[in-house]
Amino acid sequence: PDDYLTIQDAIDDVPNGYQIIVRDGTYDGNLDMKGKAVVLQSENGSKNCIINSNAQGRGIVCQTAETKETIIDGFTITNGWADGGGIACFGASPTIRNCILSQNIADQFGGGFYCQNGEPFLENCQIIQNNGGGVYCLNASPKIIRCLIEQNITSKNGGGIYCQKSNPR
């Protein structure tokens with residue numbers, strides 16, 4: 001946890017197959033997984049490790065064909081402001097576990113989570129109190145298991161989950 005100044009520096013530097021452990025604390029958002037097959041994991045769980053985008057973009061984006069070997073585990077992701085303010089996946093299929101996506105705002109769709117043209121896997125996540133909806137899927141097949149999705153609002157369709165041309169499982 002002490003090897004890099006920022007989370008993004010660690011993502012940029014480590015090769016595929018590595019695990020990045022993030023110490024407790026609050027960190028800036030706008031992280032790009034850059035197609036890396038790495039495990040990005042908090043040291044002590046989502047209540048202790050926060051990614052705050054300060055209304056300056058997304059918490060985390062996967063947009064370089066990330067696969068299930070890209071694992072994001074144990075973060076609270078908050079204050080994102082974009083479609084997929086918490087986490088956005090474009091043509092990517094990462095594994096997201098034990099995360100809280102809360103108080104993010106979408107420009108139009110998916111304040112908490114946005115996926116397009118991918119098969120992301122969400123497990124044991126809380127997607128709560130996001131504006132622009134909780135989960136938005138477009139031409140995607142997300143697998144969502146044991147997730148709490150509640151208290152999300154939108155002026156569009158689907159405050160909790162909205163799927164367009166998608167096949168959620």
Side-chain angles (χ1 to χ4, degrees), residues 1-127 130 132 135-144 147:
D2 299 322
D3 293 343
Y4 297 93
L5 292 177
T6 68
I7 298 171
Q8 190 65 59
D9 287 345
I11 294 167
D12 293 347
D13 190 54
V14 302
N16 288 334
Y18 272 61
Q19 182 177 29
I20 301 167
I21 303 294
V22 181
R23 286 213 189 275
D24 294 350
T26 301
Y27 301 89
D28 290 335
N30 291 307
L31 302 176
D32 186 338
M33 295 305 294
K34 297 193 173 181
K36 298 281 186 96
V38 298
V39 175
L40 180 64
Q41 182 176 356
S42 67
E43 187 174 44
N44 292 302
S46 60
K47 300 275 187 194
N48 301 303
C49 198
I50 300 164
I51 296 173
N52 186 337
S53 293
N54 299 303
Q56 300 294 313
R58 297 179 175 96
I60 299 175
V61 65
C62 297
Q63 60 188 352
T64 318
E66 288 83 355
T67 66
K68 66 182 178 180
E69 285 80 28
T70 300
I71 299 171
I72 300 164
D73 190 349
F75 295 92
T76 292
I77 303 171
T78 190
N79 291 322
W81 194 314
D83 288 342
I87 298 176
C89 299
F90 302 98
S93 303
T95 300
I96 301 160
R97 297 190 296 232
N98 307 311
C99 289
I100 300 170
L101 309 179
S102 180
Q103 298 178 355
N104 298 288
I105 298 173
D107 294 326
Q108 293 184 8
F109 303 107
F113 182 76
Y114 181 101
C115 59
Q116 180 177 349
N117 301 322
E119 297 181 10
F121 177 59
L122 283 81
E123 181 178 23
N124 295 325
C125 292
Q126 296 178 42
I127 303 171
N130 297 287
V135 175
Y136 179 80
C137 307
L138 176 62
N139 296 321
S141 297
K143 187 172 185 181
I144 302 171
C147 292

Option among N52, T78, I77, T76 that satisfies the side-chain contact (heavy atoms from CB on, under 4.5 Å) test with Q103: T78

side-chain hydrogen bond (donor to acceptor under 3.5 Å, both in side chains) involving Q63 - partner list, sequence neighbours excluded: D32

Pair listing, salt bridge (charged side-chain N to carboxylate O under 4.0 Å, His left out) test, anchored in residues 47-63, at least two apart: none

Over all atoms of both residues, closest heavy-atom pair of P120 and G118: CD-C, 3.4 Å

Any residue meeting side-chain hydrogen bond (donor to acceptor under 3.5 Å, both in side chains) with N117, in chain and number order, not counting sequence neighbours: none

For T67, side chain to side chain contact (heavy atoms under 4.5 Å, CB included) partners two or more places apart: E69

Pairwise salt bridge (charged side-chain N to carboxylate O under 4.0 Å, His left out) hits with a residue in residues 75-92, at least two apart: none

Spatial distance of atom CD1 (I60) from atom CD1 (I87) [nearest 0.5 Å]: 5.0 Å

Set of residues satisfying side chain to side chain contact (heavy atoms under 4.5 Å, CB included) with respect to Q19, sequence neighbours excluded: I21, V39, Q41

Under the side-chain hydrogen bond (donor to acceptor under 3.5 Å, both in side chains) test, residues paired with K34 that sit two or more places apart: D12

Over 12 foreign heavy atoms within 6.0 Å of CG, D28: no

Could you pull out all donor-acceptor pairs under 3.5 Å where a side-chain atom in residues 88-100 meets a protein atom, sequence neighbours excluded?
{"unit_1": "S93", "atom_1": "OG", "unit_2": "E119", "atom_2": "N", "d": "2.8"}
{"unit_1": "T95", "atom_1": "OG1", "unit_2": "K68", "atom_2": "O", "d": "2.9"}
{"unit_1": "N98", "atom_1": "ND2", "unit_2": "D73", "atom_2": "OD1", "d": "2.9"}

Over all atoms of both residues, closest heavy-atom pair of Y114 and Y136: CE1-CD2, 3.1 Å

Results of side chain to side chain contact (heavy atoms under 4.5 Å, CB included) for D9 - residues two or more places apart only: Y4, L5, T6

Test applied, side-chain contact (heavy atoms from CB on, under 4.5 Å); reference residue, M33; option that passes from L40, T64, V61: L40

Closest approach of L101 to N104 (non-hydrogen atoms, all atoms of both residues): C-ND2, 3.8 Å

Residues forming a side chain to side chain contact (heavy atoms under 4.5 Å, CB included) with S53, sequence neighbours excluded: none

Separation between CD1 of I72 and CD1 of I20, rounded to the nearest 0.5 Å: 10.5 Å

Heavy-atom check, side chain of K36 versus side chain of N16, under 4.5 Å: yes

Summary of salt bridge (charged side-chain N to carboxylate O under 4.0 Å, His left out) pairs that have at least one residue in residues 98-110, sequence neighbours excluded: none

Reported CD-to-SG distance for the pair Q116 and C137, which is rounded to 0.5 angstrom: 10.5 Å

From CD1 (I50) to OG (S42), nearest 0.5 Å: 10.5 Å

From C147 atom SG to Q126 atom CD, the distance as rounded to the nearest 0.5 Å: 9.5 Å

For N30, all residues meeting side-chain hydrogen bond (donor to acceptor under 3.5 Å, both in side chains), sequence neighbours excluded: none

Value rounded to 0.5 Å, distance of CZ in F75 from CD1 in I7: 5.5 Å

